[in-house]
There are 2 protein chains.
Amino acid sequence: MKTQLSPDRDLSAQIAEAIRDAIVSGQLIVDARLPSEAELSDTFGVSRPTVREALKRLAAQSLIRTRRGATGGAYVNRLSYDEAYGQQITTSTLLLSMNEVDFHTACEARFAMERACVALSAQRRSADHLAAMRAEVHRQSQPGLSDESFCASDVAFHRALVDGAGNPVLSYQLAGAVEAMQPLMNMITYSARPREQIIHLHTTLTDALENGDAAQAETLLTELEQITQMLGETTLQARAKAKG
Amino acid sequence: MKTQLSPDRDLSAQIAEAIRDAIVSGQLIVDARLPSEAELSDTFGVSRPTVREALKRLAAQSLIRTRRGATGGAYVNRLSYDEAYGQQITTSTLLLSMNEVDFHTACEARFAMERACVALSAQRRSADHLAAMRAEVHRQSQPGLSDESFCASDVAFHRALVDGAGNPVLSYQLAGAVEAMQPLMNMITYSARPREQIIHLHTTLTDALENGDAAQAETLLTELEQITQMLGETTLQARAKAKG
DNA sequence: ATACAATTAATTGTCTGACAATTAAAATCG
DNA sequence: CGATTTTAATTGTCAGACAATTAATTGTAT
């Protein structure tokens with residue numbers, strides 16, 4: 001662990017960086033215990049508050065966890081898929097909202113990525129995945145469902161589709177991306193007619209995966225994208241009209 | 001901003017959460033200035049070090065930036081694509097290394113996602129993208145190139161391919177994913193024969209994009225994946241042999 | 001000897017108060 | 001009016017203290 005600090009940059013940031021490097025490079029392995037705050041103060045030649053600020057930076061990225069008490073201290077955290085999702089989602093969500101990504105771009109990206117794993121899903125999806133998808137389709141066809149709930153169910157449907165590919169890396173990347181786009185997708189108002197269309201496409205898509213027909217599944221996803229794009233456009237136009 | 005803190009959880013974590021919520025929900029907009037540390041201490045009823053730990057947590061996620069001086073303070077940060085990349089890459093890299101994702105899975109995910117945008121690239125790639133790709137192919141054919149450099153150039157090539165899709169969301173998601181897999185891809189040793197094959201596929205792939213032939217581009221990517229998978233397997237077998 | 005209780009030590013969490021460094025604005029002076 | 005100095009506000013860092021928590025150790029009674 002590098003202990004040479006330059007005095008002109010934030011000390012806590014440099015210390016956090018040094019420890020992060022040690023973790024990423026494998027010098028500090030999972031569940032390894034870091035020196036106590038007092039020891040770190042000594043080795044880096046800074047005060048304990050400064051060390052603590054550094055440790056909080058790392059804790060914010062789920063790189064370490066801390067525990068009080070006799071055998072307490074800071075331990076290198078095994079980054080779980082769930083934690084990683086969470087961070088990716090907040091990051092992506094902020095990125096999309098702050099940089100004013102338009103609906104069209106977000107939608108295009110989402111469906112492009114989904115098409116990426118539909119071929120694998122057609123080969124590997126389990127009965128559980130198909131059941132989960134059909135369950136969501138059923139929920140979507142319930143009368144009186146709010147737009148938000150319909151949208152949430154839509155996400156769950158696509159999540160099952162993605163998980164069907166049986167590749168955790170793909171699931172991780174896509175789930176993060178799809179969830180991050182939720183705020184944008186949530187702007188849509190789903191009236192009765194498009195809901196019918198979407199539900200029909202979802203049903204057919206599930207059938208296609210059951211039959212291992214990847215090509216048809218891709219075509220159906222493209223159709224879904226077109227409907228979604230149209231709905232988004234309509235919604236935006238309606239808003240612009242209400243505004244002006 | 002919620003100021004009600006429960007005494008049994010980390011105060012700095014709760015404060016960070018409260019401010020983060022205010023940012024994500026839009027109560028605090030980009031470039032808004034947070035109250036000074038002294039003011040935050042008062043409103044939350046905690047000491048300044050505690051407030052500072054909370055702010056460092058947010059800074060670690062690039063949610064705020066701080067500046068010293070008269071008009072200094074903590075400001076809500078506009079998350080840039082670069083910062084978001086950086087965070088996604090460290091998170092994904094750690095996730096892959098700590099959870100022992102195998103080469104096959106990582107490789108499959110990478111190429112699946114690349115196929116996701118090749119269709120768009122075939123439509124939209126500019127002359128600049130094609131030029132960048134050809135430049136990397138040229139570098140790859142230089143004699144005496146180290147495996148690591150070859151690999152880095154490979155990433156640059158695929159990065160140009162992805163950017164060619166002209167969708168910043170797609171670029172962001174994919175660039176992060178591809179870079180995170182670098183440590184795994186770097187294990188490969190590229191001997192002369194596979195290099196030739198790869199370079200040939202890269203050239204043909206560039207041509208396909210230039211001609212707008214999406215179908216052929218996808219096929220070529222699949223061939224590239226097969227070669228990469230084979231190389232990975234060979235490398236791993238060689239390592240296992242050397243070990244045992 | 002064993003089960004249970006009290007003590008102890010190590011460690012993080014928090015507070016107080018102080019001073020240094022930095023920065024922009026305000027005041028001063030030529 | 002322009003350049004320089006002063007001032008005020010703010011973050012960065014430090015030192016020392018005490019509270020809270022936790023596990024190990026010690027002590028004690030059965």
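Quick caveat, the model's predicted, so the values are computed rather than measured. By convention in this document, chain letters (A, B, ...) are assigned in the order of the sequence lines, proteins followed by strands, and residues within each chain are numbered from 1.
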Next on the checklist: Checking R115(B) against E225(B) for the salt bridge (charged side-chain N to carboxylate O under 4.0 Å, His left out) test, could you report, in this order, the C-alpha distance in whole Å, the side-chain angles of both residues, the deciding distance, and whether it holds?
Outcome noted: CA-CA 10 Å; R115(B) 275 193 297 270; E225(B) 181 183 352; 3.1 Å; yes
Next on the checklist: Determine whether E114(B) and R110(B) satisfy the following criterion, salt bridge (charged side-chain N to carboxylate O under 4.0 Å, His left out), listing intermediate values before the conclusion.
Outcome noted: CA-CA 6 Å; E114(B) 278 196 37; R110(B) 173 189 159 167; 3.1 Å; yes
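- Each of D10(A) and R68(A) has a nearest nucleotide on DNA chain D; the 5'-most of these lies closest to D10(A).
- If you measure from atom NZ of K56(A) to atom C1' of dG12(D), you get 18 Å, rounded to the nearest angstrom.
- For dG12(D), one of the phosphate oxygens OP1 or OP2 lies less than 4.0 angstrom from a side-chain nitrogen or oxygen of R52(B).
- Ring orientation note: the planes of Y190(B) and F150(B) are tilted relative to one another, at an angle of 30° to 60°.
- Nearer to the 5' terminus of DNA chain C, by closest-nucleotide assignment, is the contact made by G69(A) (compared with the other of G69(A) and A70(B)).
- E37(B) has its CD atom 15 Å from the P atom of dC14(D), to the nearest Å.
- Y75(B) has its OH atom 11 Å from the C1' atom of dT23(C), to the nearest Å.
- Distances shown here put every side-chain N or O of T71(A) at or beyond 4.0 Å from the OP1 or OP2 atom of dA10(C).
- One can place CZ of F44(B) at 13 Å from P of dC15(C), the figure rounded to the nearest angstrom.
- Side-chain contact between L236(B) and F103(B): present, with at least one pair of heavy atoms (C-beta onward) separated by less than 4.5 Å.
- OP1 or OP2 of dC15(C) sits under 4.0 Å from a side-chain N or O of T50(B).
- Looking at heavy atoms from C-beta onward, L170(A) lies in side-chain contact with M113(B) at the 4.5 angstrom threshold.
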Atom pairs, N/O to N/O, protein against nucleotides 16-18 of chain D, distance under 3.5 Å?
{"residue": "dA17(D)", "atom": "N6", "partner": "R48(A)", "partner atom": "NH2", "Å": "3.3"}

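- Within the 4.0 angstrom heavy-atom criterion, no nucleotide atom of any strand lies near R65(A).
- One interatomic measurement links the two molecules: CG of L40(B) to C1' of dA9(D), which rounds to 15 Å at whole-angstrom precision.
- For dG12(D), one of the phosphate oxygens OP1 or OP2 lies less than 4.0 angstrom from a side-chain nitrogen or oxygen of T66(B).
- A straight line from CG of L11(B) to P of dG13(C) spans 11 Å, rounded to a whole angstrom.
- Between R139(A) and D154(A), none of the side-chain N atoms (NZ, or NE/NH1/NH2) sits under 4.0 Å from a carboxylate O, so this pair counts as no salt bridge.
- Put simply, CD on E53(B) is 10 Å from P on dC15(C), counting in whole angstrom units.
- Residues H129(B) and S121(B) have side chains not in contact (no heavy-atom distance under 4.5 Å, counting atoms from C-beta outward).
- The S47(A) side chain lies nearest to dA15(D) when the options are dG13(C), dA15(D), dT11(D).
- E39(B) places its CD atom 9 Å from the P atom of dT11(D), with the value rounded to the nearest Å.
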